[in-house]
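All of these numbers come straight from a predicted model, not from anything done at the bench. Keep in mind that the numbers below use all heavy atoms, side chains included, and drop hydrogens, waters and symmetry copies.
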Amino acid sequence: MERLELVVVQLEEAKRMIEKARVPHLRLAFILLDSVTELILHRTVQTALWDQEMLTGVLSTYKQLAARGSEGAEAEIASIEARIIPKSELRSIERNFDAKVALLVDRGTLAPALGPVLQKLHKYRNEMYHRDKLRSEVLKPATLIYFDCACTALESYSQQFMAYSNTPLGPELTRFTGGRMAGLMKQSLPQEIAAQLRREVGLDLPQVRSALAHYLEARLDEISDGLTFIEDNLGVPHLVPGDALRLVQANLTANTTLEQVRGKKYPYSKADMERWRSEISGLKSISDKHDLVREYAAIEDAFEPFEQLVEKAVTDVDREMQLRPTWRVASSAVGGKARRCQEAERYRDWHELVT
């Protein structure tokens with residue numbers, strides 16, 4: 001029961017941080033929820049794979065029998081080998097969050113719709129924890145969704161065995177047990193805890209849906225504004241609407257002309273921008289929480305690489321606008337060698353298309 005208490009205490013702390021509703025506390029809640037979800041997944045995987053070591057031993061025995069000509073041994077070997085997971089895959093499951101989710105979805109322990117949601121939220125946690133990327137606009141709805149998902153994972157939680165202990169339980173767990181001793185806990189206790197915690201925190205789906213849609217719409221607006229900024233400030237009179245969209249994707253390291261840039265096909269187009277907006281509008285009609293986040297994740301994953309290209313291009317152009325007077329003076333003084341300045345190199349590649 002102490003193992004379950006570790007899970008419950010972490011969920012209770014996450015709930016407490018959510019109730020404070022400030023960004024630093026929500027960030028901490030999100031990280032706690034990711035940690036406890038992976039703990040639940042790890043234990044659930046251990047239960048699901050309890051037979052792997054045993055099967056390996058049984059397989060060895062049947063191979064020895066087959067070598068002696070035992071009748072039926074070959075058929076048993078084939079049956080056992082089909083149930084054994086390769087060691088490389090086991091190592092991946094042990095180390096990798098997404099692999100744990102995939103296994104449990106494949107085995108029916110987790111619902112298929114939950115898999116992409118957990119994987120997206122874990123990606124957010126990695127950004128938050130390893131790269132200090134905090135999506136504050138959707139941090140609260142994302143944290144509420146993760147709390148709900150952690151409760152869903154807890155509902156499927158089952159221990160391989162129940163350990164008895166004389167260690168007193170803490171208040172976080174005893175409030176769910178009705179004062180019963182650890183040895184008298186019901187097997188359904190994790191499901192009961194998950195249901196109560198979910199009720200206490202709540203999930204306002206219309207509010208979450210609105211926040212997610214608004215976040216994506218605002219980012220598409222920023223992409224459009226960024227492309228306009230590039231066309232307006234690149235200092236090239238020959239540009240027309242749509243050129244910036246092509247330029248941010250073009251390989252300008254060769255002696256490429258503007259007409260050649262216009263004549264090529266690129267991964268992203270104006271039609272993609274329109275399609276993403278349409279898909280964002282479609283989020284407003286989704287009533288299932290897992291379907292909502294799955295579709296949200298699909299839209300974000302589709303346009304985020306393009307968004308990063310535009311953001312970098314805007315930064316390059318803006319930097320060059322600040323450096324332009326200094327660059328011109330320096331170029332005149334040193335015979336143009338300043339043109340090789342690395343931090344303005346891409347901007348000059350664009351500029352030299354038409355100068």
* To do: Apply side chain to side chain contact (heavy atoms under 4.5 Å, CB included) to Gln249 and Phe306, showing your working.
  => CA-CA 8 Å; Gln249 301 177 74; Phe306 179 60; 3.9 Å; yes
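- Pairs passing the side-chain hydrogen bond (donor to acceptor under 3.5 Å, both in side chains) check and including a residue from residues 269-278, sequence neighbours excluded, read Asp221-Arg277, Ser269-Asp272, Asp272-Arg275, Arg275-Glu279.
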* **Evaluation steps, salt bridge (charged side-chain N to carboxylate O under 4.0 Å, His left out), between Glu12 and Lys15** => CA-CA 5 Å; Glu12 287 282 7; Lys15 186 183 78 167; 3.4 Å; yes
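- Looking at Arg209, its side chain does come within 3.5 Å of a backbone N or O of Ile286 through a donor-acceptor pair.
- To the nearest 0.5 Å, atoms OG (Ser60) and CG (Leu55) are separated by 12.5 Å.
- Residues Thr109 and Ser156 approach most closely at O-CB, 3.7 Å, considering heavy atoms.
- Atom CG in Leu239 sits 6.5 Å away from atom CG in Leu247 (nearest 0.5 Å).
- When side chains are defined from C-beta on, Met17 does not count as touching Leu26, because their heavy atoms never get closer than 4.5 Å.
- Using modelled atom types, one side-chain atom of Glu5 and one backbone atom of Gly170 make a donor-acceptor pair closer than 3.5 Å.
- With respect to the salt-bridge test (charged N to carboxylate O, under 4.0 angstrom), the residues Glu19 and Arg16 do not qualify.
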* Given side chain to side chain donor-acceptor pair (under 3.5 Å), test Ser35 with Arg125 step by step and report yes or no. => CA-CA 9 Å; Ser35 172; Arg125 176 267 180 193; over 6 Å; no
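- Of the possible donor and acceptor atoms, none in the side chain of Ser70 sits under 3.5 Å from a partner among the backbone N and O of Ala66.
- Under the side chain to side chain contact (heavy atoms under 4.5 Å, CB included) test applied with Leu110, the options Val105, Thr44, Leu103, Thr152 reduce to a single match, Val105.
- Within a 6.0 Å sphere centred on CD of Gln207, other residues, nucleotides and ligands contribute 12 heavy atoms or fewer.
- A distance-only check finds a donor-acceptor pair linking the side chain of Arg43 to the backbone of Arg3 [under 3.5 Å].
- When all heavy atoms of Glu172 and Val8 are compared, the closest pair comes out as O-CG1, 3.5 Å.
- We find that Glu155 and Arg198 are joined by a salt bridge, their nearest charged nitrogen and carboxylate oxygen being less than 4.0 Å apart.
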* To do: Could you go through the salt bridge (charged side-chain N to carboxylate O under 4.0 Å, His left out) check for Glu295 and Lys284 one step at a time?
  => CA-CA 11 Å; Glu295 291 302 314; Lys284 299 170 185 177; over 6 Å; no
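- Heavy-atom contacts from other residues, nucleotides or ligands closer than 6.0 Å to CZ of Phe97 number more than 12.
- A donor-acceptor pair is defined here as one N or O able to donate and one able to accept, closer than 3.5 Å; such a pair exists between the side chain of Thr257 and the backbone of Gln260.
- Taking CZ from Phe176 and CG from Leu189, the interatomic distance works out to 8.5 Å, rounded to the nearest 0.5 Å.
- We find that Glu222 and Arg219 are not joined by a salt bridge, their nearest charged nitrogen and carboxylate oxygen being 4.0 Å or further apart.
- Residue Leu32 holds its CG atom at 9.5 Å from CD1 of Ile18, rounded to the nearest 0.5 Å.
- Summarising the geometry of Gln119 relative to Asp98, their closest heavy-atom pair is CG-OD1, 3.2 Å, with the distance given to 0.1 Å.
- Across all their heavy atoms, Val36 and Ala150 have their closest contact at CG1-CB, 4.5 Å.
- A donor-acceptor pair is defined here as one N or O able to donate and one able to accept, closer than 3.5 Å; such a pair exists between the side chain of Ser224 and the backbone of Leu220.
- The two residues Gly202 and Leu144 make their nearest non-hydrogen contact at O-CD2, 4.0 Å.
- Taken from CD in Glu231 to CG in Leu245, the straight-line distance is 8.5 Å, to the nearest 0.5 Å.
- A donor-acceptor contact closer than 3.5 angstrom links the side chains of His122 and Asp34.
- Remark: Lys265 NZ is loosely packed, at most 12 non-hydrogen atoms of other residues, nucleotides or ligands lying under 6.0 Å away.
- A salt bridge between Glu200 and Arg175 is present, with a side-chain N of the basic residue lying under 4.0 Å from a carboxylate O of the acidic one.
- Within 6.0 Å of the CZ atom in Arg83, the count of heavy atoms belonging to other residues, nucleotides or ligands does not exceed 12.
- A cation-pi arrangement is absent between Arg27 and Phe30 under the rule of less than 6.0 angstrom and at most 45 degrees off the ring axis.
- Criterion: ILVMFWY side-chain heavy atoms under 4.5 Å apart, direct or through other members. Under it, Val201 and Leu28 are not part of a common hydrophobic cluster.
- Judged by distance alone, the side chain of Asn233 and the main-chain N or O of Phe229 form a donor-acceptor pair under 3.5 Å.
- Nearest heavy-atom pair across Cys149 and Leu118 is CB-CD2, 3.8 Å.
- Annotation: the span from Asp291 atom CG to Leu283 atom CG amounts to 11.0 Å, rounded to 0.5 Å.
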Donor-acceptor contacts under 3.5 Å from residues 134-142 side chains, at least two apart:
from   : atom 1 : to     : atom 2 : distance (Å)
Arg135 : NE     : Glu127 : OE1    : 2.9
Arg135 : NH1    : Tyr215 : OH     : 3.2
Arg135 : NH1    : Glu300 : OE2    : 2.9
Arg135 : NH1    : Glu304 : OE2    : 3.3
Arg135 : NH2    : Glu127 : OE1    : 3.0
Arg135 : NH2    : Glu127 : OE2    : 2.9
Arg135 : NH2    : Glu304 : OE2    : 2.9

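- Salt-bridge annotation for Lys123 and Asp301: present, with a side-chain N of the basic residue lying under 4.0 Å from a carboxylate O of the acidic one.
- A donor-acceptor pair under 3.5 Å is absent between the side-chain atoms of Lys100 and the main chain of Glu38, judged by distance alone.
- Under the 4.5 Å side-chain criterion, counting only non-hydrogen atoms from C-beta, Leu33 is in contact with Leu11.
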